[in-house]
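Only this structure's heavy atoms are used, side chains among them; waters, hydrogens and symmetry mates stay out.
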Amino acid sequence: MVAGKKKADTLGVKAAGKYKLQVSLEHKIPYFKLLMAFSVFFPENQTAVEKYGSKYGTSSKTTVYNGPFLQKGWTGSNLSWTMFKNKNYWNAKAVKLQSIHFAVEKSPSTAYYLYQDGKLDTASLSSQASKNLQKSPDYVVRKTNGTTYFQFNLKMKKFQSTKMRQAISMALDRNVLAKTLGGGYTGSKNFTAAGMTKVGDKDFTDLSQTKESLLVTGHHKQLAQSYFKERLKELGLKKLSFTVITAHVQVHRRILPECS
């Protein structure tokens with residue numbers, strides 16, 4: 001479908017009315033309704049899409065809104081914009097804020113200084129600042145439902161070995177890394193963030209673990225070295241080097257030196 005080799009009507013999705021979408025699945029997905037809340041599944045405004053074409057959604061002026069706020073002032077590349085209350089929102093009376101101003105500060109320290117000067121109402125802290133300010137009455141940890149992880153390029157021969165990938169995984173002490181980063185970071189042993197879903201009285205992340213997954217996501221230095229040496233010998237290498245591509249955000253750049 002993505003490659004354009006199949007017709008759209010074979011996708012299993014069709015409009016069953018003006019306000020009804022019918023989706024046919026190959027197998028049951030208990031959480032399918034929850035997936036529909038993801039922004040990638042939101043319906044698009046046909047008039048706006050056809051009007052703006054490839055520019056649709058690339059700036060405030062080429063985007064349409066049906067939520068509690070309208071965005072103004074974003075050109076697609078500038079670092080500040082403002083959200084204004086949408087008077088046409090279905091529950092506008094419940095929206096108390098008239099506007100919200102956003103300013104992107106690439107430096108966490110600059111953002112914190114602006115916060116101290118009263119120019120920002122909230123700011124994300126750097127790892128070091130979060131350590132230093134944990135006792136401050138203004139310090140708040142807001143958990144996010146996400147994890148940060150390495151993804152190996154399986155087209156590279158050195159990463160095609162399961163044991164090589166497991167060796168790198170077991171060489172990482174996730175809890176120590178999280179503690180070093182500071183803030184509210186915690187070591188993760190699952191793609192799913194802890195605290196998102198409960199099954200009965202147990203967290204999903206605990207129930208989804210297996211004996212093998214607990215092994216390879218744990219810190220086992222000697223076993224990691226054993227796997228690593230074994231795979232190096234098979235590859236005919238004396239050492240392994242690779243490049244890590246990461247987002248240009250402070251915490252991602254901080255992780256790499258800590259992992260080295």
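- Note on Y89 and L97: same hydrophobic cluster, where clusters join Ile, Leu, Val, Met, Phe, Trp and Tyr whose side-chain heavy atoms are under 4.5 Å apart, directly or indirectly.
- The list of salt bridge (Lys or Arg N to Asp or Glu O under 4.0 Å) pairs with a residue in residues 147-175, not counting sequence neighbours, reads K163-E230.
- Residues M83 and L79 fall within the same hydrophobic cluster, defined by Ile, Leu, Val, Met, Phe, Trp and Tyr side chains chained together at heavy-atom separations under 4.5 Å.
- Minimum heavy-atom separation, N78 to S80: ND2-O, 2.7 Å.
- Counting only heavy atoms from C-beta outward, the side chains of N132 and Q134 never approach each other to under 4.5 Å.
- Hydrophobic clustering, defined by side-chain heavy atoms of Ile, Leu, Val, Met, Phe, Trp and Tyr closer than 4.5 Å, leaves V176 isolated from every other such residue.
- The NZ atom of K221 lies 13.0 Å from the CG atom of L172; values are rounded to the nearest 0.5 Å.
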For a quick test of your reading: what N or O donor-acceptor pairs under 3.5 Å do the side chains of residues 27-37 make, sequence neighbours left out?
none

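- Separating the NZ atom in K85 from the OG atom in S99 is a distance of 11.5 Å, to the nearest 0.5 Å.
- Taking all atoms of both residues into account, the shortest heavy-atom contact from F102 to I100 is CE1-CG2, 3.7 Å.
- A distance of 12.5 Å separates OG1 in T147 from OH in Y185, rounded to the nearest 0.5 Å.
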For residues 53-74, run the donor-acceptor check on the side chains, cut-off 3.5 Å, and write out each pair with its distance to 0.1 Å, sequence neighbours left out.
unit_1: Y56; atom_1: OH; unit_2: E44; atom_2: OE1; d: 2.7
unit_1: T58; atom_1: OG1; unit_2: K55; atom_2: O; d: 2.6
unit_1: S59; atom_1: OG; unit_2: T62; atom_2: N; d: 3.4
unit_1: S59; atom_1: OG; unit_2: T62; atom_2: OG1; d: 3.0
unit_1: S60; atom_1: OG; unit_2: Q71; atom_2: OE1; d: 2.9
unit_1: S60; atom_1: OG; unit_2: W74; atom_2: N; d: 2.9
unit_1: S60; atom_1: OG; unit_2: W74; atom_2: O; d: 3.3
unit_1: T62; atom_1: OG1; unit_2: K55; atom_2: O; d: 2.9
unit_1: T62; atom_1: OG1; unit_2: T58; atom_2: N; d: 3.3
unit_1: T62; atom_1: OG1; unit_2: S59; atom_2: N; d: 3.1
unit_1: T62; atom_1: OG1; unit_2: S59; atom_2: O; d: 3.3
unit_1: T63; atom_1: OG1; unit_2: S59; atom_2: O; d: 2.6
unit_1: Y65; atom_1: OH; unit_2: S60; atom_2: O; d: 2.9
unit_1: Y65; atom_1: OH; unit_2: Q71; atom_2: O; d: 3.4

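- When F150, F159, F152 are each tested for a ring-ring contact (aromatic ring centres under 6.0 Å, His included) with F242, only one passes: F159.
- To the nearest 0.5 Å, the span separating CD1 on I245 from CD on Q151 amounts to 11.0 Å.
- Environment of OH in Y139: crowded, with over 12 heavy atoms of neighbouring residues, nucleotides or ligands closer than 6.0 Å.
- Note: K179 NZ to T186 OG1 = 14.0 Å, rounded to the nearest 0.5 Å.
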Any chance you could lay out the side-chain contact (heavy atoms from CB on, under 4.5 Å) test for R231 and Q166, step after step, and finish with the verdict? CA-CA 11 Å; R231 185 52 186 155; Q166 290 176 339; over 6 Å; no
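- For residues 187-210, no residue pair satisfies the salt bridge (Lys or Arg N to Asp or Glu O under 4.0 Å) rule, not counting sequence neighbours.
- Residues passing the side chain to side chain donor-acceptor pair (under 3.5 Å) test with H101 are T82, sequence neighbours excluded.
- Environment of CZ in F41: crowded, with over 12 heavy atoms of neighbouring residues, nucleotides or ligands closer than 6.0 Å.
- Contact annotation: the side chain of Y227 never approaches that of T162 to less than 4.5 Å [non-hydrogen atoms, C-beta and beyond].
- Taking both residues in full, the closest heavy atoms of A178 and G187 are given as CB-N, 3.6 Å, listed atom of the first, atom of the second, then distance.
- Between T192 and T197 the shortest side-chain heavy-atom distance does not fall below 4.5 Å.
- N45 meets the side chain to side chain donor-acceptor pair (under 3.5 Å) test with no other residue; sequence neighbours excluded.
- The hydrophobic cluster containing F42 does not contain F38, counting ILVMFWY residues as joined when their side-chain heavy atoms lie under 4.5 angstrom apart, directly or transitively.
- Between T110 and E105, the shortest heavy-atom distance links the atoms CG2-OE1, 3.6 Å.
- A donor-acceptor pair is defined here as one N or O able to donate and one able to accept, closer than 3.5 Å; such a pair exists between the side chain of S208 and the backbone of F204.
- Judged as a side chain to side chain donor-acceptor pair (under 3.5 Å), and not counting sequence neighbours, N86 has no contacts.
- Partners of Q46 under the side chain to side chain donor-acceptor pair (under 3.5 Å) rule, at least two apart in sequence or in another chain, are E50.
- By the side-chain contact (heavy atoms from CB on, under 4.5 Å) test, T243 is found to be paired with no residue, residues two or more places apart in sequence or in another chain being considered.
- Atoms CD1 and CZ, from I168 and F228 in turn, are 7.0 Å apart once rounded to the nearest 0.5 Å.
- Residue pairs meeting the side chain to side chain donor-acceptor pair (under 3.5 Å) criterion with at least one member in residues 114-123, sequence neighbours excluded, are Y112-Q116, Y115-D138.
- The hydrophobic cluster containing M164 also contains M156, counting ILVMFWY residues as joined when their side-chain heavy atoms lie under 4.5 angstrom apart, directly or transitively.
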Residues 8-24, side-chain donor-acceptor partners within the protein, below 3.5 Å, at least two apart:
unit_1: T10; atom_1: OG1; unit_2: K7; atom_2: O; d: 2.6

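- In this structure a side-chain-to-backbone donor-acceptor pair under 3.5 Å is missing from T205 to A194.
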